[in-house]
Amino acid sequence: MSGTACACQHRIRTLVAMIHHSPASRSALVTGASSGIGAATAHRLSTDGWKVYAMARRPHRLEQLAEQEGIIPIVCDVTDEHEVAEAATRISEDGGIDTLVNNAGGALGTEWVADADTGDWRWMFEVNVLGTLNVTRALLPMLRAHGEGTIVNLTSTAGTVSYESGAGYNAAKFGQHGMTGALRLEEAEHNVRVIEVLPGLVRTEEFSTKRLRGDTAAAEAMYRGVENPLTAEDVAEVIASAVTLPHHVNLDQIVVRPLAQPAQHKLLRNG
Ligand code: 8X3
């Protein structure tokens, strides 16, 4: 082949790669998208030009989000295998995705093991671990078929370090952290990269209030005196950066904390 033909082929390949990676040709499913990190991530990716399927249980919250162009609402409970299968079919028929952001999750209760409520633990295991399993399993064929799939699992720093009052949430997040590691090993040969994002203290509208069973004053106290706790938008920015790196670059694990929390057990408060 002549040098000119070779250079021409190289330019075509570069062009194809540029089109493949341009935000306009990227599409993601974000779970737990009705508030907090999920909503911020859906918003951020859509603003960057991605097509975004925003999945959550609450239709009215999704409708607000879907007022933004490029966001397609999908009402679905990640703990319901059948609903997830239906959603996957719908997404597949609509063109599919290259990126899955498993964000749905949460904490419920702060009781020590001695007083733990089995129902709370079951809910946390279902939404954090089985929800991630259900969605990942249903979407994997699409991500593999794409050729350059990406999965982002939102776990937590609570998934690697235990603390008093955190046992149920620790157990669920350690579980999700464990499955994320196995998934990365399994999917590398299918060219699906698996990124784990482990946030520390993030101040969101609902996380602590839900954990503290609606006690907004106690939830507020979690952040009292903490200068600049992370926001949902901060974490969304981290996710957006990770998923737009060239596909062969895999940020296996990203621990993201506010500067005021240099470790799980060290939180700086003013006053
Ligand atoms: C939440 C982080 O520090 O409350 O995922 O466990 S922490």
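In each ligand, atom 1 is the first atom listed, and ligand 1 is the first ligand listed.
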Ligand 1 N/O within reach of Thr155 N/O, cut-off under 3.5 Å: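 Looking only at distances, the answer is no, because the N/O contact criterion of under 3.5 Å is not met.
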- prompt: Backbone or side chain, does any N or O of Tyr163 fall under 3.5 Å from an N or O of ligand 1?
  reply: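 Yes; at least one N/O pair falls below 3.5 Å.
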- request: Determine, using heavy atoms of Met222 and all atoms of ligand 1, whether some pair is separated by less than 4.0 Å.
  value: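 No heavy atom of Met222 comes that close to ligand 1.
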query: Looking at ligand 1, does Gly200 have a heavy atom less than 4.0 Å from it?
result: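 Gly200: in contact with ligand 1 (<4.0 Å).
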task: Would you indicate whether the side-chain heavy atoms of Tyr223 and Ser208 approach each other to under 4.5 Å?
output: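 Answer yes - side chains close enough.
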Give the atoms of ligand 1, by number and element, whose distance to some non-hydrogen atom of [X] is under 4.0 Å.
X: Ala158; result: 6 (O)
X: Ser156; result: 1 (C), 2 (C), 5 (O)
X: Tyr169; result: 1 (C), 5 (O), 6 (O)
X: Phe207; result: 1 (C)

Does a side-chain N-to-carboxylate-O contact under 4.0 Å join [X] and [Y]?
X: Arg203; Y: Glu233; result: no
X: Arg144; Y: Glu187; result: yes
X: Asp77; Y: Arg57; result: no
X: Arg213; Y: Asp120; result: yes

- prompt: Which one of Arg211, Gln264, Arg257, Lys173 has a non-hydrogen atom at the shortest distance from atom 3 (O) of ligand 1?
  reply: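 It is Gln264 that holds the nearest heavy atom.
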task: Show your working on salt bridge (Lys or Arg N to Asp or Glu O under 4.0 Å) between Arg90 and Asp94 and close with a plain yes or no.
output: CA-CA 6 Å; Arg90 187 180 150 198; Asp94 193 43; over 6 Å; no
message: Quick check: Tyr169 with Phe125 (ring centres under 6.0 Å apart)?
response: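 Not under 6.0 Å, so no.
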